[in-house]
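When a ligand or atom number is given, it counts from 1 through the structure's own listing order. What you see is a predicted model, and the numbers here were worked out from it, not measured in a lab. For reference, positions follow the sequence shown, starting with 1.
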Amino acid sequence: MTDNVQFRTTRKDGNKGLQGSIRLPGDKSISHRSIMLGSLAEGVTTVSGFLNGEDCLATLNAFRSMGVDIVENDDTHLTIKGVGLQGLKAPKADLDMGNSGTSMRLMTGLMSGQKFDVSLVGDASLSTRPMRRVTTPLTSMGADISSEDDGTPPLKIKGGATLKGIHYDMPVASAQVKSSVLLAGLYANGETSVTEPAPTRDHTERMLRGFGYKVQTDGNKMSLQGGGTLTATEINVPADISSAAFFLVGASIAEGSDLTLEHVGVNPTRTGVIDILNLMGADITLLNEREEGGEPVADIRVRSASLKGINIPEALVPLAIDEFPALFVAATFAEGTMVLTGAEELRVKESDRIQVMADGLQACGVDAKPTSDGIVIQGKGAKAGVMSGGEINSHGDHRIAMSFVMAGLLADATITINDCANVNTSFPNFVEMATSVGVGVEVVAD
Ligand code: S3P
C-alpha cells in the first residue's frame, strides 16, 4: 500500500549551500523511553524536547490506554503522572504500535511482566518485522507470548506470568533487544543480564539510572535486579542525531554550506555517522559540548567538503545503523568507491534499506550494487552528471524519503519521491526545516 504524499526536489544552483542554525526535533529513542519510564515511575515526570512524531505518539497512546495520565502541555513538553511499576491497567483494545519497531520490541518486554493480557499490533511494515529476537529471550524468562508462525506481529502476551532473571547472550547487536530484556528484568525475580556482541545505543541504561534504578555496565555486559522502583525525574530530550544525519550529508555535499545544528545528542553509541563522514573527509565540528540529563549534547557545525569513498569499518555499523540511507547519498557524491559490509540488519528495518536505496540510486543512474550484507557504491564527486533526476519509491520508509531529498540538492533534475507520509513518524516538520536552510523540496499530496 502506498500513501499519496510525494516530495519533489529542486537542484541547488549556485554556491550558497545550506546555511543557518536550526534546532531539529527530539531524539526518537530517548522520547520513547521517557514515556515508558515516566509512566512506570513513582511521581510526576516532566519531559521537554519530546519528539511529537507518530512513532513516539504510538508509545504515548499505549500508556494512556493503560490508565496513565499524560498531559501534552505543548508539542514538546509533557507531564507524566507515573503510576509505578505495578500500576498499569488492562487496556480495552489492542495496543497499536503503528510503524514503530522500538515501541513493539520494548513494550513486549514491559508487557511480559504485567498481570493482564495485551495484544500488540502494527502497520503493514511493522507486521512483517522479526520479533523472535525479543520473544525468544522473554519466553525463556517465563513470558507467555504468541506471534504469527513466522515470528511476526501481532504479539499476544498473557498476563500473570512469573518472570525469572536470565543471562542472555545477544546474537545480534540490537539496542531494542537489550532494552526489551532489561525492561522485562524490572519485573523478574533476581538478576537479569545481557551481553552484546558490539556496543549499541545505551539510552535505556542511562535513563534507568536517571530514574534512580541501579544498572551495572561491565564491558559488554549490562545487568539489573528486579523488584526495584523508578523515581520520577525531569528529562530534557536533545535533538535527534538520526535526523541531523540528513543535514550533515546535505551540507557536506552542497557547495558553500555552513550550517549549525543546535543541541544535538552526541552519545558515543550514536555518533557513528559523524565518524564515518569524518573518515570520508567531512568538515564537522562539535561545539559547546556538554552533558544534560545524563546524555552528551553538542552544537554541530558542518561545512561543505570534498568527500571520498571508504571501506566503512564494521565496528561503526551499529553506531550508525539508522544513518546508512543518508550515508549512501554522501557516498554517491564522494570520489571513489564506498564499500559497506556487516550491515545485514539494514534489510529488516522499516524497509529493506539496502535494496530500496540501491533501487532508488540506480533509478537515478548511480552505480550502486547491493550485497547480502551491504552495498558497493561508485562515487563520482559532487558535480553535475553524477545523478540524474528520477522517480523513487520510498516504500513508506521515512529515512529513505529524507535521504533522497538531500540527493536532490545535486541531482541534475527533479527527484520525485513517492510514499512519504511516514516522514511524520520521526520528523514531522522536515520539509519546513529543510526549506529554511535552503534545501529545495516541495510537498505534493493528492
Ligand atoms: C533503536 C534501536 C535500533 C534503531 C532504531 C531505534 C532503539 O534498532 O535502528 O531506530 O531506540 O533502541 P535495533 O535495536 O533493531 O538495531
Aromatic ring pairing Phe328/Phe324, orientation class (parallel under 30°, perpendicular over 60°, tilted between):
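Phe328 vs Phe324 ring planes: tilted.
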
Hey, can you tell me if Phe246 and Phe430 have their rings parallel, tilted or perpendicular (30° and 60° cut-offs)?
perpendicular

Under a 4.0 Å heavy-atom cut-off, which residues neighbour ligand 1?
Ser29, Arg33, Thr102, Arg105, Ser174, Ala175, Gln176, Arg201, Ile321, Asp322, Lys349

Using a strict 4.0 Å threshold on nitrogen-to-oxygen distance, state whether Lys349 and Asp397 make a salt bridge.
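The answer is no: the pair does not qualify as a salt bridge.
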
Charged N-O contact under 4.0 Å between Asp322 and Arg201:
yes

Under 3.5 Å: donor-acceptor pair, side chain of Asp74, backbone of His77
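Judged by distance alone, yes, a pair lies under 3.5 Å.
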
Under the rule for ring-ring contact (aromatic ring centres under 6.0 Å, His included), what residues qualify as partners of Tyr187, not counting sequence neighbours?
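Expected list: none.
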
